[in-house]
Participant: 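Sharing a structure below in structure tokens format, with a few things to ask.
Owing to the predicted nature of the structure, the values given are computational and were not obtained by experimental measurement. In what follows, every heavy atom counts, from backbone to side chain, and hydrogens, waters and symmetry copies are set aside. Read the numbers this way: they start at 1 and go in the same order the structure lists the ligands and their atoms.
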Amino acid sequence: MDLLEYQGKQLFGRHGLAVSDGKAVTTVDDAVAAANEIGYPVVVKAQVLIGGRGKAGGVKLAANEEEAREHATNILGLDIKGHIVRTLWIEYASDIDTEYYASILLDRSAKKPLVMFSVEGGVDIEQVAEETPEKLIKQNVDPLVGLTKEQALDIATKGGAAEDVIDGVADALVALYEVWIEEDASLTEINPLIITPDRKVKALDAKVTLDGNALFRHPENADLGDSANADPIELKAKEQGVTYVKLDGDIGIMGNGAGLVMSTLDVVAQYGGKPANFLDAGGGSDAETVQKAIELILANENVKAVLLNIFGGITRCDEVAKGLVGAFEALKPTVPFVVRLDGTNDVAGRKILEEAALPNVQAATTMDGAAEQVVAAAKGNA
Ligand code: GDP
Ligand code: MN
């Protein structure tokens with residue numbers, strides 16, 4: 001789960017990292033009121049789950065009420081790489097002497113957290129990593145020990161932090177690690193981590209990804225994220241306990257079990273198709289779950305054809321067939337369906353489908369064949 005900048009900053013603040021106080025607002029009037037209350041200069045910041053807001057015109061300094069109103073008006077509703085700005089964060093503008101970079105992420109190959117630090121912050125960190133990798137310090141942390149002040153001092157020193165702020169940078173890294181561990185984050189990033197003219201270390205931006213599977217340990221974090229911009233179908237799927245991920249193609253895909261769904265996506269792609277979603281109905285799904293899953297797939301208007309790839313184990317193919325028949329009765333879909341039923345009760349399942357004689361439903365016996373058929377069906381329906 002990705003957090004908006006201001007939500008990340010609020011977490012940072014709770015763990016002792018210096019951040020500016022501010023206010024999240026959704027209207028121009030509230031933005032101006034917040035700016036007046038905070039006092040000028042303020043910075044008006046677009047809250048969207050995408051980087052590079054500054055370059056896109058989504059971060060502006062305002063010296064007075066007039067400018068605050070002007071920037072809030074321009075930034076609200078702005079489209080930043082496909083993300084529409086619905087929330088602004090207004091904070092007291094900081095004076096910047098230097099911009100550093102700091103982040104902590106999970107290094108899967110080392111099976112350890114990885115701390116990254118650079119004095120070349122503010123800019124695109126990928127560019128620093130590529131062109132001047134020696135300026136990006138990386139160190140793994142022993143998860144049983146945690147990030148000690150000693151290691152943090154070593155990272156800040158090797159990274160070339162200015163002498164008089166090495167201690168402050170190390171404290172910031174330790175706090176950032178505390179956020180990472182205690183909030184069950186998989187990413188905590190600060191770009192830029194600024195040094196102010198009076199040599200204070202402060203997080204001017206925040207990028208935080210929380211592990212959704214650990215949210216039960218943090219009920220207070222459950223409402224974070226960008227719910228105003230979340231895909232309504234994804235929200236509905238979440239409520240129904242179905243794993244659904246929206247993709248940008250035109251073939252709706254449903255399977256049972258994440259592994260099967262992922263390979264189905266691959267095979268469809270191999271035949272030149274573009275999946276519209278990833279939908280895992282899970283093991284043991286009954287007719288009702290299947291019907292709801294089909295509803296979710298059809299709610300996406302881009303879907304030109306649907307592939308049901310079921311390998312019956314705990315899931316029974318006759319239940320899936322009943323769910324499909326129910327979905328056709330309820331929704332009367334016009335897009336073509338390709339259905340492959342294999343495994344537990346597949347004969348019974350195919351019989352149910354045959355008897356129902358659903359319009360636009362083709363049966364397939366193999367996964368390859370099913371993929372080929374659905375790609376052709378989507379093209380025919382384009
Ligand atoms: P991003 O472009 O999405 O990464 O958004 P940031 O929050 O990192 O802001 C982009 C840039 O705006 C920063 O690198 C700063 O140079 C500038 N900026 C943001 N906040 C302030 C501020 O309080 N004061 C000043 N002077 N500049 C700021
Ligand atoms: Mn940034």
Side-chain angles (χ1 to χ4, degrees), residues 2-13 17-25 31 34-64 67-68 70-72 74-105 116-129 135-136 161 165 169 172-173 176 179 185 187-209 225-226 229:
D2 295 331
L3 304 196
L4 293 167
E5 172 201 357
Y6 82 91
Q7 298 168 336
K9 278 184 171 166
Q10 287 170 346
L11 279 190
F12 286 178
L17 262 165
V19 289
S20 288
D21 281 337
K23 206 160 181 199
V25 296
N36 285 337
E37 194 186 317
I38 291 163
Y40 296 91
V42 295
V43 53
V44 180
K45 308 187 79 175
Q47 298 299 293
V48 281
L49 294 177
I50 188 93
R53 295 165 300 160
K55 278 187 200 151
V59 178
K60 296 276 186 193
L61 291 167
N64 51 52
E67 287 181 12
E70 184 189 330
H71 296 323
N74 291 337
I75 298 174
L76 270 175
L78 188 69
D79 180 335
I80 302 182
K81 300 178 204 165
H83 296 244
I84 309 294
V85 180
R86 300 185 204 281
T87 305
L88 298 174
W89 173 247
I90 316 290
E91 69 175 28
Y92 189 71
S94 306
D95 285 331
I96 304 175
D97 177 74
T98 327
E99 299 190 321
Y100 291 169
Y101 170 91
S103 68
I104 298 170
L105 49 87
M116 299 204 275
F117 173 72
S118 177
V119 294
E120 302 280 320
V123 292
D124 220 353
I125 200 64
E126 284 81 11
Q127 198 179 332
V128 175
K135 289 191 171 157
L136 182 65
V165 294
V169 167
L173 292 175
L176 193 62
V179 177
L187 172 74
T188 51
E189 182 185 78
I190 309 173
N191 191 23
L193 177 71
I194 63 161
I195 311 303
T196 62
D198 57 356
R199 315 309 285 167
K200 296 242 164 53
V201 180
K202 194 169 170 186
L204 209 64
D205 192 3
K207 190 171 170 190
V208 174
T209 305
D226 190 11
N229 268 320

Participant: Is the shortest side-chain heavy-atom distance between E189 and Y101 below 4.5 Å?
Facilitator: yes

Participant: Can you name the atoms of ligand 1, numbered from 1 with element, that are less than 4.0 Å from a heavy atom of D205?
Facilitator: 1 (P), 4 (O), 5 (O), 6 (P), 7 (O), 8 (O)

Participant: Which is closest to atom 24 (N) of ligand 1 in terms of heavy atoms, A93, S94, G121?
Facilitator: S94

Participant: Would you say E91 and ligand 1 have an N/O pair spaced under 3.5 Å apart?
Facilitator: no

Participant: Under 4.0 Å from atom 13 (C) of ligand 1, do we find at least one protein heavy atom?
Facilitator: yes

Participant: Going by salt bridge (Lys or Arg N to Asp or Glu O under 4.0 Å), name the residues that satisfy it together with K9, two or more places apart in sequence or in a different chain.
Facilitator: E5, E91

Participant: Are the side chains of D2 and D226 in contact, using a 4.5 Å heavy-atom criterion?
Facilitator: no

Participant: Determine whether any protein heavy atom is located less than 4.0 Å from atom 17 (C) of ligand 1.
Facilitator: no

Participant: Could you see which bit of N191 sits under 4.0 Å from ligand 1, with heavy atoms only: side chain, backbone, both or neither?
Facilitator: backbone

Participant: Please list the nearest protein heavy atom to atom 10 (C) of ligand 1 with its residue and the distance rounded to 0.1 Å.
Facilitator: G54 CA, 4.2 Å

Participant: Could you give the distance from OG (S103) to CD1 (I125), rounded to the nearest 0.5 Å?
Facilitator: 7.5 Å

Participant: State, with a plain yes or no, whether a side-chain heavy atom of L204 is found less than 4.5 Å away from one of V43.
Facilitator: no

Participant: Heavy-atom contacts with P192 under 4.0 Å: which atoms of ligand 1 show up? List them by number with element.
Facilitator: 8 (O), 14 (O)

Participant: Report yes if the side chains of D97 and R199 come closer than 4.5 Å at any heavy-atom pair, otherwise no.
Facilitator: yes

Participant: I need the nearest protein heavy-atom contact for atom 27 (N) of ligand 1: residue, atom name and distance, please.
Facilitator: I96 CD1, 3.4 Å

Participant: Supply the atom-to-atom distance D205 CG to N191 CG, rounded to the nearest 0.5 angstrom.
Facilitator: 7.0 Å

Participant: Given L49 and L4, is the side chain to side chain contact (heavy atoms under 4.5 Å, CB included) satisfied, shown in steps?
Facilitator: CA-CA 6 Å; L49 294 177; L4 293 167; 3.8 Å; yes

Participant: Note the single closest protein heavy atom to atom 5 (O) of ligand 1, along with its residue, its atom name and the distance in Å.
Facilitator: R53 NH2, 3.1 Å

Participant: For D95, check salt bridge (Lys or Arg N to Asp or Glu O under 4.0 Å) against everything at least two apart and list the hits.
Facilitator: none

Participant: Given I125, V59, I80, L204, which has its nearest heavy atom closest to atom 21 (C) of ligand 1?
Facilitator: L204

Participant: With nothing but distance in play, are any N or O atoms of K45 less than 3.5 Å from an N or O of ligand 1?
Facilitator: yes

Participant: Flag yes if more than 12 heavy atoms outside D198 fall under 6.0 Å of its CG atom; otherwise flag no.
Facilitator: yes

Participant: Under the criterion side chain to side chain contact (heavy atoms under 4.5 Å, CB included), I'd like the reasoning laid out for V208 against Q7: C-alpha separation, chi angles, the key distance, then a yes or no.
Facilitator: CA-CA 8 Å; V208 174; Q7 298 168 336; over 6 Å; no

Participant: Could you give the distance from CD1 (I75) to CD (Q47), rounded to the nearest 0.5 Å?
Facilitator: 10.0 Å

Participant: At a cut-off of 2.8 Å, list the protein N/O/S atoms near the Mn ion (ligand 2), residue plus atom name.
Facilitator: N191 O, D205 OD2

Participant: What residues form a side chain to side chain contact (heavy atoms under 4.5 Å, CB included) with A18, not counting sequence neighbours?
Facilitator: K202

Participant: Is the shortest N/O to N/O distance between E99 and ligand 1 below 3.5 Å?
Facilitator: yes

Participant: Give the atoms of ligand 1, by number and element, whose distance to some non-hydrogen atom of V43 is under 4.0 Å.
Facilitator: 20 (N), 23 (O)

